[in-house]
Number of protein chains: 4
Amino acid sequence: MTSQPRTAAATRRDELLATAAQVFARQGYDATTVREIADAAGILAGSLYYHFDSKESMLDEILSGFLNELWTGYDAVLAAGLGPRETLEALVVESFREIDRHRDAVAIYQRERHLAGQPRFGYLTDSMNRFEAAWQGTLERGVAEGAFRADLDLRLAYRFVRDTVWVAASWYRPGGRHDAGEIARQYLSMLLDGISTTHQ
Amino acid sequence: MTSQPRTAAATRRDELLATAAQVFARQGYDATTVREIADAAGILAGSLYYHFDSKESMLDEILSGFLNELWTGYDAVLAAGLGPRETLEALVVESFREIDRHRDAVAIYQRERHLAGQPRFGYLTDSMNRFEAAWQGTLERGVAEGAFRADLDLRLAYRFVRDTVWVAASWYRPGGRHDAGEIARQYLSMLLDGISTTHQ
Amino acid sequence: MTSQPRTAAATRRDELLATAAQVFARQGYDATTVREIADAAGILAGSLYYHFDSKESMLDEILSGFLNELWTGYDAVLAAGLGPRETLEALVVESFREIDRHRDAVAIYQRERHLAGQPRFGYLTDSMNRFEAAWQGTLERGVAEGAFRADLDLRLAYRFVRDTVWVAASWYRPGGRHDAGEIARQYLSMLLDGISTTHQ
Amino acid sequence: MTSQPRTAAATRRDELLATAAQVFARQGYDATTVREIADAAGILAGSLYYHFDSKESMLDEILSGFLNELWTGYDAVLAAGLGPRETLEALVVESFREIDRHRDAVAIYQRERHLAGQPRFGYLTDSMNRFEAAWQGTLERGVAEGAFRADLDLRLAYRFVRDTVWVAASWYRPGGRHDAGEIARQYLSMLLDGISTTHQ
DNA sequence: CATGAATGAGACTTCATTCAT
DNA sequence: CATGAATGAAGTCTCATTCAT
């Protein structure tokens, strides 16, 4: 009778996850009650448990789903054999694309970073480590090849770049004045050249 | 015999607030139980209510106390009659000084920004507005006077600068490799001149 | 299959309210714990909050429910166009009927009169005012028409009548020696004619 | 050095008890916090424990103090060898005198009648029994001697008389339009002769 | 798939009471 | 006598979760 039950169910799950992500992003995971998610989805709280094991597993799916897609994009960039400056540009562009597509998940990820300590969310720590390796490695290559300034503390520079990009998720709204690509371009321009007109 | 009773009571409150801020910063406000704060302070949960009305009022005092000190510093900078570039530099330095002194409060402030919607925390919204006015005004003056690049979207630039500075509270630990002044100097260098060696 | 879901839910609420009223009447509102109500109802304390917002809202529903029914009865009496003596008799009879049907609510109402000061229970004050108007107006008409003694202070007489009737709720038990109608008759006899054999 | 330490201390106790009685009467015993009593007395909550063992012992002293004085008055009346009607009149007058002098204690006594079940307050039960014996005995003598109507249920009549008198404590304010004696006279008139002009 | 009622653990908070000063 | 700080028990309420229908 039903054509693709698995697909239909998966679609319903995704809808519910998107709803949950929206509420988590707005209020924070802890401050969100299962009932609020259910209200936003138009069902009763108990009914969510037909689809998900627990509130935590919703969070889990949201975060791991986002990170999977993120790393698909990042890995493509890192495997492309670009120079350090081009790699950094591509990573920034890719990051804003992910923010555009997974805004809520990114916001949650930023806010609930402390979850990385729990076994269930160990993949967050893994991701953070790969993340640091990718960005800091790119910066180091850039310094070595003369593309980036050599007088900077690279750990500070890494954090500067990282935060600069990802915190944008906390204010970015799709459909605003600029699309994700334009924002990426402006950010890159500031990041690479600074905002000052006179360079020492 | 007793030296300063008023000071003694104020000191105890401040100690407890510092303890609470530490726990809030580590775990998040919602995920923190009153009992955890009390444990960290070496008293029983109920005893906190001799000093404070509620968990929320602890948060309130932490945030408003921080913002009061922040604005004392900012107002001094803004009243000094400096040029835009010097103003921006002074604001960044002052910000890192505040991060150094109120690390926990800053981290809480970053994470619990959504509180601004509640009447009790309306002063957060006020502060954010004054904040935007101060920074964005400085950027505009800088563009007008030729100190900052004119080809940037100023709202984006404002967010870039703002986030860049404040997110540092999430990883800054006093007593680390660099002191707050050194970090400010490096951040300013990246912000103003960019990380690239070749400027277009 | 299911007969009347709305009725079923309303019935459950009413059962729980009746249970709560019983405990409140026995021990007083303040001295009653939510757990005692739940125990009496055979559920856990937390489960009450599926049906009611708070302990106070249970009290609210008990009192307002009672007063609504009371005023339905009183208004019918007052609208019947009876003479003052017949009106007073009908009010007393109606009062004892309400005591019979809402014994617990009446006892609570007597004991927790001080609630009238709180905004949420402002309707208690309203009811008390209407109450006074109804009874004292009847007494005044009776004096004017010669049915009641003219030598009495009417405010005192009003209180005498009022207290006389309603305090009965504190000892009345349905199924006792006399039914409500018989008690009303004896009270009316004492009230109207006194307990003395020789009248001056 | 101090002239009468015992008397001074006793005076302070009495002041505090009067304050406590006032608050208990207004809000009810359970709804009153020790801190509210202390506030009303202008001291801190802990300081009350220099004078009293516990909140309950304050209540105890208030109630037993009142009952002691009440029974001194009642016993004098009952020992005077009066006829039933004169006895009833004297008891009513004495009761209003006690209400006048111990208004708060009487109000508390009315409201917290359920305490009679606790061992510590067993004297309340004793007092109630003596009370019932005194009043109902007087009524019975009156019926036997033809002073009171024989067609009434005496238990109902007893309750009618009892409640009628004592509930007055809930609204009586000293210094009002009528003094206690005048109120007693009017109450007696209604009680004995009724409020109707035509007697059957 | 969803509902409605309930569970049970745990949260925040209150408050009578204690005690060193 | 009084204070100020703390205790510890208990109370109201929340909320993730379960389950029969």
Side-chain angles (χ1 to χ4, degrees), chain A residues 2 5 8-9 12-13 16 30-38 41-58, chain B residues 1-2 5-6 8-9 12-13 16 30-38 41-58, chain C residues 1-2 5-6 8-9 12-13 16 30-38 41-58, chain D residues 2 5 8-9 12-13 16 30-38 41-58:
Chain A
T2 55
R12 186 73 175 119
R13 279 179 77 87
L16 292 172
D30 288 303
T32 297
T33 70
V34 163
R35 196 168 165 261
E36 284 168 329
I37 301 171
I43 58 178
L44 289 185
S47 307
L48 282 174
Y49 288 80
Y50 176 82
H51 301 278
F52 303 99
D53 284 343
S54 65
K55 179 186 172 188
E56 197 181 65
S57 74
M58 291 187 232
Chain B
M1 299 272 154
T2 56
R6 205 176 306 176
R12 187 70 178 117
R13 279 179 77 87
L16 293 171
D30 288 301
T32 298
T33 71
V34 158
R35 197 170 161 264
E36 284 167 330
I37 301 172
I43 58 178
L44 291 182
S47 306
L48 284 174
Y49 289 81
Y50 177 79
H51 300 278
F52 304 99
D53 284 342
S54 64
K55 180 185 172 190
E56 195 181 70
S57 75
M58 289 185 232
Chain C
M1 297 272 158
T2 56
R6 205 176 308 176
R12 187 71 177 115
R13 278 179 78 87
L16 293 172
D30 289 301
T32 297
T33 71
V34 158
R35 196 168 163 265
E36 285 167 330
I37 300 172
I43 59 178
L44 292 182
S47 305
L48 284 173
Y49 290 82
Y50 178 79
H51 300 278
F52 304 99
D53 284 342
S54 64
K55 180 185 171 189
E56 195 181 71
S57 75
M58 290 187 231
Chain D
T2 55
R12 186 71 175 118
R13 279 178 78 86
L16 293 172
D30 288 303
T32 297
T33 70
V34 163
R35 196 167 165 260
E36 284 168 329
I37 300 171
I43 58 178
L44 289 185
S47 307
L48 281 174
Y49 288 80
Y50 176 82
H51 301 278
F52 304 99
D53 283 344
S54 65
K55 179 185 173 189
E56 197 181 66
S57 73
M58 291 186 231

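A note on names: the letters A, B, ... follow the listed sequences, proteins ahead of strands, and every chain is numbered from 1.
Minimum heavy-atom separation, A/Leu16 to A/His51: CD1-CD2, 3.4 Å. In plain terms, the two heavy atoms of D/Lys55 and D/Val34 that are nearest each other are CB-CG2, 3.9 Å.
Between F/dG4 and B/Arg12, no contact under 4.0 Å exists linking OP1 or OP2 to a side-chain N or O. Put simply, C/His51 has no side-chain N or O that comes within less than 4.0 Å of OP1 or OP2 on E/dG4.
When the C1' atom of E/dG4 is taken as reference, atom CD1 of C/Ile43 falls 13 Å away, rounded to whole Å. To the nearest angstrom, C1' of E/dT18 lies 14 Å from CG of D/Leu48.
Comparing A/Ala31 and B/Leu16 by the nucleotide of DNA chain F whose heavy atom lies nearest to each, the residue mapping closer to the 5' end is B/Leu16.
Among the heavy atoms of the strands lying under 4.0 Å from B/Leu44 is at least one base atom, whether or not backbone atoms are also near.
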Check: protein-nucleotides 12-14 of chain E nitrogen or oxygen pairs below 3.5 Å:
from	atom 1	to	atom 2	distance (Å)
E/dC12	OP1	B/Thr32	O	3.3
E/dC12	OP1	B/Val34	N	3.3
E/dC12	OP1	B/Lys55	NZ	3.2
E/dC12	OP2	B/Val34	N	2.8
E/dT13	OP2	B/Tyr49	OH	2.4
E/dT13	OP2	B/Lys55	N	2.9
E/dT13	O5'	B/Tyr49	OH	3.3

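Partners of A/Ser54 according to the side chain to side chain contact (heavy atoms under 4.5 Å, CB included) rule, which considers only residues two or more places apart in sequence or in another chain, are A/Glu56, A/Ser57, A/Arg120.
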Given Watson-Crick or G-U pairs with both distances under 3.5 Å, what dot-bracket string fits DNA chain F, with | for other-strand pairs and [ ] for crossing?
.||||||||||||||||||||

Could you list the donor-acceptor pairs under 3.5 angstrom formed between side-chain atoms of residues 42-50 of chain A and any protein atom two or more places apart in sequence or on another chain?
from	atom 1	to	atom 2	distance (Å)
A/Ser47	OG	A/Leu44	O	3.4

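Closest approach to the A/Tyr50 side chain among E/dC1, F/dA2, F/dA6 is made by E/dC1 (side chain taken as heavy atoms from C-beta onward).
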